[in-house]
Amino acid sequence: MSEVPVVLNIDAADSDWIKRGAWDIWGRDGLIDNAPDLREWLYGARMTVEEFKQLTVYKAHLEDMPWLRDL
């Protein structure tokens, strides 16, 4: 059975975690806490790093998660 990719809904009206800036991004090993795992997750979500950097969730965590700058 093939794995179905997760498609991220980037419509802010429908994406509460994006609007509130909550870090609810889980990878296969738990909560994502590094740039390589986030890049892998973004690839699976069919989103570019540039698109992700426009979201509230990215901007809200730049100070408390400095590794986001390594994307």
Side-chain angles (χ1 to χ4, degrees):
M1 174 184 276
S2 64
E3 190 172 321
V4 177
V6 174
V7 178
L8 180 64
N9 180 352
I10 61 172
D11 179 359
D14 295 328
S15 305
D16 288 340
W17 67 274
I18 291 172
K19 288 190 298 185
R20 71 178 188 273
W23 193 262
D24 293 342
I25 304 176
W26 292 84
R28 61 185 135 104
D29 296 325
L31 201 59
I32 292 178
D33 62 358
N34 62 74
D37 286 349
L38 182 55
R39 278 194 293 279
E40 180 182 328
W41 185 88
L42 290 172
Y43 177 79
R46 300 179 188 174
M47 177 179 274
T48 67
V49 170
E50 292 75 24
E51 290 170 331
F52 184 75
K53 286 182 174 184
Q54 299 303 310
L55 300 177
T56 302
V57 70
Y58 170 79
K59 295 173 186 176
H61 290 284
L62 280 173
E63 300 239 353
D64 61 326
M65 297 178 170
W67 60 265
L68 284 173
R69 290 179 171 79
D70 296 335
L71 279 177

hydrophobic_cluster_shared for Y43 and L55, side chain cutoff 4.5 Å: no
L68 CG to K53 NZ distance, which is reported to the nearest 0.5 Å: 9.0 Å
Contact summary for L38 and I25, nearest pair of heavy atoms: CD1-CG2, 4.2 Å
With sequence neighbours excluded, residues passing side chain to side chain contact (heavy atoms under 4.5 Å, CB included) with D70: A35, W67
Gap between atom CD of E40 and atom CD1 of I32 - 0.5 Å precision: 8.0 Å
Atom pair CD/CZ of E63 and R69 - distance to nearest 0.5 Å: 6.5 Å
Nearest atoms (heavy-atom pairs only) where K59 meets Q54: NZ-O, 3.4 Å
Close side-chain approach of D64 and W23, heavy atoms under 4.5 Å: no
Test item: R39 side-chain N/O and V49 main-chain N/O as donor-acceptor pair under 3.5 Å: no
Taking every non-hydrogen atom, the tightest pair across L31 and W26: N-CE3, 3.1 Å
